[in-house]
Amino acid sequence: MRWSNLFVPTLREPPADAEAANHKLLIRGGFIRQLHSGHYSLLPLGLRVHEKVAAIVRREMDAIGGQEFLLPAMHPAEVWKKSGRWHAVGEEMFRLVDRKGADNVLGMTHEEIFTDVAQEITSYRSLPQIWYQIQWKFRDEPRPKSGLLRVREFAMKDSYSFDIDEAGLDRSFDVHHDAYVRIFAALGLPAIPVEASSGAMGGSGSTEFMVPSSAGEDDIALCGNCGYAANVERAKARLSVVEDRDLSELARFPTPGVRTIADLETIEGGASAVHQIKTMVMVLDGEVTLALLRGDHELEIQKLADFTGAADVRPATAQETLQHLGANPGSLGAVHVDGLRVVCDPALEGRRGLTTGANEDDWHWSGVDIARDVAVDEWADLRRVQADEPCQNCGTPLEIVRCIEAGHIFKLGTKYSDALGASVLDPNGNQKPLVMGSYGIGIGRNVAAVAEIHHDDKGLLWPLNVAPFEVVITIVNTKDDASAAAGESLYNDLRSAGVDVLLDDRDARAGVKFADAELIGVPYRVTVGPRALADGDVELTSRATGDTTRVGVDSIAALLVDTVNRERG
RNA sequence: CGGGACGUGGCGCAGCUCGGUAGCGCACCUGCUUUGGGAGCAGGGGGUCGCUGGUUCAAAUCCAGUCGUCCCGACCA
């Protein structure tokens with residue numbers, strides 16, 4: 001490709017509303033342009049990177065026996081109604097009505113559609129199957145953000161495994177896990193597999209691949225010693241031991257103006273946070289529920305959702321709280337509360353001498369004995385792990401690390417095959433529902449993640465695997481005939497050797513060309529100019545290290561072919 | 001959905017307080033000079049000032065509404 005013919009609208013300044021590094025650099029480098037919130041056009045450079053990421057994913061999926069499909073992006077509502085997700089998903093799904101008045105959706109994922117196809121698998125002898133596609137998903141995100149990291153329309157590699165039993169699913173899950181490890185390694189992403197919540201997808205377990213980055217949106221708990229890693233939506237930690245206070249008598253006491261745990265710590269007759277009960281009033285699919293935690297702990301809403309299976313979990317409004325408990329936040333508690341579901345964190349199990357709200361404004365209880373005074377319906381781990389809490393395995397203080405969710409794999413079980421009637425005959429002639437897994441990698445998000453991880457103050461620093469070009473030949477002065485001829489000759493040699501090479505033949509000043517090459521992040525730059533050419537040399541500069549070496553005109557092509565082949569991996 | 005900010009040529013911004021018919025830098029076009037780290041000089045093209053309505057002799061500027069975008073919190077590849 002010749003730069004003089006390529007559309008690469010580089011900018012010296014990023015748009016004012018770009019915040020994330022990947023966003024700024026992909027815009028500045030002429031890779032993407034925004035059409036609309038959450039919808040980006042891929043320009044030629046952006047598409048090249050996108051396709052290279054997709055090619056790596058495709059290669060690894062093929063390597064584990066995946067078969068590539070391409071399913072429709074638009075689906076009839078019926079199939080989503082069969083699985084129950086037409087109602088379960090809510091506003092995240094784009095829905096539209098066709099001319100016949102029929103409901104349709106733009107696919108946000110494809111469990112239903114692949115399972116529909118899988119109805120034609122009839123025998124256990126055909127199993128296992130791994131099916132995948134790289135295809136566009138549509139999700140009406142409440143808040144698209146950070147360039148390509150979170151958008152409403154994006155290419156995703158989604159794959160689905162079909163097995164006869166759980167053991168088969170475990171194997172399919174494991175080969176996907178390993179394939180994902182290889183994919184992220186090839187992309188130069190230091191992804192950490194972590195235990196995750198499977199959320200609305202359903203199923204028995206899931207693993208997320210998390211790339212540490214401040215641009216991310218998820219927190220994981222990480223043990224630097226034993227390697228324990230889990231999304232905070234699931235993470236556990238050892239509980240610090242608390243000695244109960246010697247207060248066995250339940251007593252009401254006035255707490256004028258007390259609204260927070262901290263207030264209650266300092267007021268006369270109050271208690272330190274570890275001796276308080278935090279009462280969170282939540283609404284689970286319309287049912288008002290009390291979630292109880294130790295005063296110094298925080299509620300992890302996803303844990304509550306996972307435990308209860310509720311699809312919609314939200315804090316109660318002020319009116320709901322007042323209506324059901326008779327008091328405002330700050331004076332709430334579960335003592336002697338009847339008729340509301342009470343879910344309690346194990347950190348409160350067996351605790352006594354506690355202090356909590358009395359469900360009357362400006363009054364609290366002291367001397368609360370959980371077992372005696374609170375009608376707990378269910379016990380469930382509800383607390384969000386905090387930094388420096390001891391690892392449950394080895395006791396080392398946990399780190400909380402902000403991450404980009406680069407991939408997510410799920411064990412689905414038979415949720416979709418049951419709903420859609422996808423079953424096979426087992427060796428004994430019995431109908432068995434297919435045991436399924438589903439596995440996703442967002443292609444554009446991974447482009448963004450690589451950009452987020454690999455850049456410096458001059459621009460992008462693509463790993464060779466995904467760089468829009470592997471080599472750029474910068475002709476310092478195109479009016480110098482010898483330079484132009486040498487550049488053209490090298491360009492032809494590299495092209496015929498299969499190197500992805502860009503010839504910067506623009507009639508521009510050298511500084512402009514150098515700056516652009518660095519901005520778009522081409523791993524190797526060959527500078528062809530009269531200075532080195534006088535000695536029969538060109539200069540080879542590594543984008544990653546900035547190191548420049550002189551190489552003879554006669555040997556540069558072979559050296560680059562060699563280098564590129566080695567780094568392609 | 002709650003909170004905050006912002007919409008003026010492709011990008012970055014000024015102008016708005018105090019209404020008078022739009023300006024700067026980058027980018028772009030032409031010419032000359034220049035040519036190893038974002039050149040210089042001269043000339044030039046491009047903007048319904050997000051949209052709608054209102055106030056006014058007159059609106060980028062004041063008022064109301066509306067749409068959109070971004071950021072922070074609740075959601076997910």
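Here is the naming used below: chain letters follow the sequence lines, and residue numbers restart at 1 for every chain. On a predicted model such as this, the values are computed, not experimentally measured, just so you know.
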Can you tell me how far C1' in B:C62 sits from the matching atom in B:U55, rounded to whole Å? 8 Å
Categorize A:Ser146 for me: base, sugar-phosphate, or nothing, with a 4.0 angstrom heavy-atom threshold over every strand shown. sugar-phosphate
Between A:Ile56 (CD1) and B:A77 (P), how many Å, whole number? 22 Å
Roughly, in whole Å, what's the span from NZ in A:Lys24 to P in B:C11? 17 Å
Return the orientation label for the A:Phe138 and A:Phe94 ring planes: parallel under 30°, perpendicular over 60°, tilted otherwise. perpendicular
Could you give the CG-to-P distance, from A:Asp140 to B:C1, as a whole number of Å? 11 Å
side-chain N/O A:Gln302 vs B:A74 OP1/OP2, d < 4.0 Å: no
Hey, does the side chain of A:His455 reach the backbone of A:Glu452 with a donor-acceptor pair shorter than 3.5 angstrom? yes
Checking all strands, does A:Asp516 fall into the base, sugar-phosphate, or nothing category for heavy-atom contacts under 4.0 angstrom? base
Just checking, is any N or O donor in the side chain of A:His110 or A:Lys137 under 3.5 Å from an acceptor N or O on the other one? yes
Scan every strand shown for a Watson-Crick or G-U wobble partner of B:U35, both distances under 3.5 Å, and answer none if you come up empty. none
Have a look at A:Ile27 and say if it touches a base, only the backbone sugar-phosphate, or nothing, with a 4.0 Å heavy-atom cut-off. nothing
Have a look at A:Pro142 and say if it touches a base, only the backbone sugar-phosphate, or nothing, with a 4.0 Å heavy-atom cut-off. base
Between CZ of A:Phe184 and P of B:A77 the distance, given in whole Å, is 12 Å
Not counting sequence neighbours, which residues clear ring-ring contact (aromatic ring centres under 6.0 Å, His included) with A:Tyr491? List them please. none
For B:A22 and B:U8, measure between their C1' atoms and round to the nearest Å. 8 Å
Whole-Å P distance, B:U61 and B:U48: 15 Å
A:Leu11 has an atom CG; how far is it from atom P of B:G12, in whole Å? 8 Å
Rounded to the nearest Å, what distance is computed from the CD atom of residue A:Glu153 to the C1' atom of nucleotide B:C76? 17 Å
Whichever of A:Ile443 and A:Pro144 has its nearest RNA chain B nucleotide further upstream toward 5': A:Pro144
Which label fits A:Trp131 and A:Phe114: parallel for a plane angle under 30°, tilted from 30 to 60°, or perpendicular past 60°? tilted
B:G68 pairs with, by Watson-Crick or G-U criteria that keep both distances under 3.5 Å: B:C6
Whole-Å distance separating the CG atom of A:Leu304 from the P atom of B:C75: 11 Å
Could you identify the nucleotide paired to B:C62, looking across every strand shown and requiring Watson-Crick or G-U wobble geometry with both distances under 3.5 Å? B:G54
Rounding to the closest angstrom, what is the interatomic distance between B:G25 and B:U69 at atom P? 32 Å
Base paired to B:C1 (Watson-Crick or G-U; both N/O distances under 3.5 angstrom): B:G73
Atom C1', compared across B:A60 and B:U52: separation rounded to whole Å: 16 Å
Under 4.0 Å between a side-chain N/O of A:His36 and OP1 or OP2 of B:U69, yes or no? yes
Can you tell me the Watson-Crick or wobble partner of B:A14, both distances under 3.5 angstrom? none
Does any N or O donor sit under 3.5 Å from an N or O acceptor when you compare the side chain of A:Arg143 with the base of B:C76? no
State whether A:Ser37 places a side-chain N or O below 4.0 Å from either non-bridging phosphate oxygen (OP1 or OP2) of B:C70. yes
Which nucleotide, in any strand shown, forms a Watson-Crick or G-U wobble pair with B:G43, with both distances under 3.5 Å? B:C29
Under 4.0 Å, counting only non-hydrogen atoms across every strand here, what does A:Val211 touch: a base, just sugar-phosphate, or nothing? nothing
The reported gap from CG in A:Leu106 to CZ in A:Arg95 (rounded to nearest 0.5 angstrom) is 11.0 Å
ring-ring contact (aromatic ring centres under 6.0 Å, His included) involving A:Phe514 - partner list, sequence neighbours excluded: none
Report yes or no: is the cationic atom of A:Arg48 (NZ for Lys, CZ for Arg) under 6.0 Å from the centre of the six-membered ring of A:Phe469, at an angle within 45° of the ring normal? yes
Pair A:Arg525 + A:Glu518: basic N to acidic O under 4.0 Å: yes
Across all strands, who's sitting opposite B:A22 as a Watson-Crick or G-U wobble pair, both distances under 3.5 Å? none
When only distance counts, do a donor and an acceptor, one from the side chain of A:Arg28 and one from the base of B:G38, lie under 3.5 Å apart? yes
With a non-hydrogen cut-off below 4.0 angstrom, is A:Asp218 in contact with a base, only sugar-phosphate, or nothing? base
Could you measure between the two C1' atoms, the one in B:A74 and the one in B:G38, and give it in whole Å? 44 Å
Could you give the distance separating B:C6 and B:C13 at their P atoms, to the nearest angstrom? 12 Å
Salt bridge (Lys or Arg N to Asp or Glu O under 4.0 Å) evaluation trace for A:Arg85 with A:Glu111: CA-CA 10 Å; A:Arg85 287 161 114 188; A:Glu111 279 76 12; 3.3 Å; yes
If you check every side-chain atom of A:Arg12, which of B:C71, B:C26, B:C75 has the closest atom? B:C26
A:Glu13 atom CD is separated from B:A14 atom P, nearest whole Å, by 12 Å
Per-nucleotide protein contact along nucleotides 30-37 of chain B, 5' to 3', at a 4.0 Å heavy-atom cut-off (B base, S sugar-phosphate only, - neither), is ----BBBB
Could you give the distance separating B:U17 and B:U33 at their P atoms, to the nearest angstrom? 49 Å
